[in-house]
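Let me begin by presenting the structure, written as structure tokens, before commenting on it.
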Amino acid sequence: MTSTALVLRSDGIGGLLTVVPALRALRRHGLRVVLACPPELSELAALTGAVDRILPAYGLAPLSWPGPGEEDAAHPPLLPDLAVNLHDRGPRSHRVLLGVGTRRLWAYANPDVPWIRGPWWDPGEHEVLRWCRLLQWHGVPADPEDMALPTPLTASPAPGAVVIHPGAGGTSLRWPADRFAEVARVLTDEGLPVVITGSVRERPMALLVATRAVLPPQIVLAGRTSLRELCALVAGARLVISGDVAMTRLAGAYRTPSVLVSTADGRHPILHEADASDHLGAVVPAAQVVSAAVRALGAGVR
């Protein structure tokens with residue numbers, strides 16, 4: 001019987017993308033992988049090719065094993081053989097996984113749960129390397145470069161477009177709408193097709209960018225694409241310009257050139273490194289973003 005690993009990564013698109021190499025390493029190790037994550041990420045999880053089932057998870061709320069639709073009083077499902085914390089350093093996330101009743105937990109060492117053996121946390125480590133190192137400590141080889149995703153069998157809503165994603169859930173880290181609009185206007189004037197993406201919650205910001213760029217609302221795809229369609233869009237895009245590191249990580253998974261106007265991520269061009277107290281709008285001019293976009297379009301990485 002194949003052993004089951006219950007893996008916790010209960011946040012958004014960017015977080016899930018950082019654990020793709022680790023998930024694939026677990027799968028190559030012969031484990032059946034059950035990923036505890038928000039159910040709206042199920043399409044992205046399927047594209048990793050490493051997840052057998054989703055267990056709905058909402059932040060660090062207690063997990064319900066075996067999950068909806070799998071209860072069988074006559075044949076109760078076995079508890080997972082192993083739990084793997086790819087969420088954070090604990091201790092709360094450690095306890096969420098231990099609460100399921102699993103006998104083994106792979107996680108980073110934390111003084112609040114001293115009986116859990118694991119490597120020590122390095123706060124300056126890139127997230128992809130961090131989760132690979134955790135598995136390697138337990139004898140499971142993981143390749144941090146194993147990040148690529150397959151293009152979904154779904155048509156892109158705007159093939160060959162420049163994707164502008166204002167993003168950045170915290171307004172202190174968000175580039176101003178006026179500057180995104182200026183970039184969109186300049187690139188449109190250069191003959192490049194531009195679309196603006198985001199979640200349903202971010203649609204007002206996306207519409208504001210289009211309005212200030214004097215572009216039609218039809219280019220605003222925010223709130224109108226499924227996650228699978230968003231992946232197809234990024235896979236076929238000429239360039240992604242984003243205020244959200246999650247979108248540049250997604251671009252990296254499809255080898256699509258990208259420019260990040262946000263806090264640092266070592267895999268992508270960056271215009272400013274800031275902590276949460278900095279206001280990016282006072283630092284990065286639109287012309288600098290346009291220049292970075294032109295360089296990225298010229299260099300390409302396909």
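Throughout, residue positions are numbered sequentially from 1 according to the sequence presented.
Contact of the Leu149 side chain with the Leu44 side chain is registered, since non-hydrogen atoms from C-beta on lie closer than 4.5 Å. Residues Leu250 and Leu230 form a side-chain contact, since some pair of their non-hydrogen atoms from C-beta on lies under 4.5 Å apart. Contact check for Tyr108 versus Pro119: side-chain heavy atoms found under the 4.5 Å cut-off. Taking 4.5 Å as the limit, every side-chain heavy atom of Leu6 sits out of range of all side-chain heavy atoms of Thr102. Annotation: side chain of Leu297 is in contact with side chain of Arg238 (closest heavy-atom distance under 4.5 Å). With a 4.5 Å cut-off on side-chain heavy atoms, Leu16 and Leu23 count as touching. Here the side chains of Pro21 and Met147 are in contact, with some heavy-atom distance below 4.5 Å. Residues Ile13 and Leu41 have side chains in contact (heavy-atom distance under 4.5 Å, counting atoms from C-beta outward).
Within 6.0 Å of CZ in Arg28 there are more than 12 heavy atoms belonging to other residues, nucleotides or ligands.
Pairs engaging residues 204-218 under the salt bridge (Lys or Arg N to Asp or Glu O under 4.0 Å) rule: Asp178-Arg212 [sequence neighbours left out]. Residue pairs meeting the salt bridge (Lys or Arg N to Asp or Glu O under 4.0 Å) criterion with at least one partner in residues 81-100, sequence neighbours excluded, are Asp81-Arg103. Note on residues 10-24: pairs passing salt bridge (Lys or Arg N to Asp or Glu O under 4.0 Å), not counting sequence neighbours, are Arg9-Asp11, Arg24-Asp146. Among residues at least two apart or in separate chains, there is no ring pair (Phe, Tyr, Trp, His ring centres under 6.0 Å) pair with a member in residues 183-206.
No side-chain donor-acceptor contact under 3.5 Å links Glu202 to the backbone of Thr197. A donor-acceptor distance shorter than 3.5 angstrom exists from the side chain of Arg203 to the backbone of Ala222, with no hydrogens or angles considered. With Asp112 contributing its side chain and Pro91 its backbone, the two residues share no donor-acceptor pair below 3.5 Å. Of the possible polar contacts, one joining the Thr256 side chain to the Val234 backbone as a donor-acceptor pair under 3.5 Å is found.
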Leu60 vs Leu8, side-chain contact (heavy atoms from CB on, under 4.5 Å): CA-CA, chis, key distance, verdict: CA-CA 9 Å; Leu60 293 178; Leu8 177 64; 4.1 Å; yes

Working for side-chain contact (heavy atoms from CB on, under 4.5 Å), residues Met247 and Val163: CA-CA 10 Å; Met247 277 294 283; Val163 176; 4.0 Å; yes

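Closest non-hydrogen pair, Ala158 versus Leu233, comes out as O-CD1, 3.7 Å. Shown here for Arg224 and Gln218, the closest heavy-atom pair between the two residues is NH1-O, 3.5 Å. Residues Pro56 and Leu63 come closest through the heavy atom pair O-CD2, 4.1 Å. Nearest heavy atoms, Leu227 versus Glu43: N-OE1, 3.3 Å. Counting all heavy atoms, side chain and backbone alike, Leu98 lies closest to Trp115 at CD1-NE1, 4.2 Å. Across all their heavy atoms, Pro150 and Leu47 have their closest contact at CD-O, 3.1 Å.
Ile196 is connected to Leu207 through a chain of hydrophobic side-chain contacts under 4.5 Å among Ile, Leu, Val, Met, Phe, Trp and Tyr, so both are in one cluster. Connection of Val294 to Phe180 is established within a shared hydrophobic cluster, with ILVMFWY side chains joined at heavy-atom distances below 4.5 Å, either directly or through further cluster members. Both Val51 and Val140 belong to a single network of hydrophobic side chains, linked directly or stepwise wherever heavy atoms of I, L, V, M, F, W or Y lie under 4.5 Å apart. Cluster annotation: Trp137 is not connected to Leu31 through the hydrophobic network of ILVMFWY side chains, with a link wherever side-chain heavy atoms come within less than 4.5 Å. Under the 4.5 Å side-chain heavy-atom criterion for Ile, Leu, Val, Met, Phe, Trp and Tyr, Leu208 and Ile219 are members of distinct hydrophobic clusters.
Legend: residues meeting salt bridge (Lys or Arg N to Asp or Glu O under 4.0 Å) with Arg130, ordered by chain and number and at least two apart, are absent. In this structure Asp122 satisfies the salt bridge (Lys or Arg N to Asp or Glu O under 4.0 Å) test with no other residue, sequence neighbours excluded.
The aromatic rings of Trp106 and His29 are tilted relative to each other, their planes meeting at an angle between 30° and 60°.
Here the straight-line distance linking atom CD of Glu229 with atom OG1 of Thr154 works out to 6.5 Å at 0.5 Å rounding.
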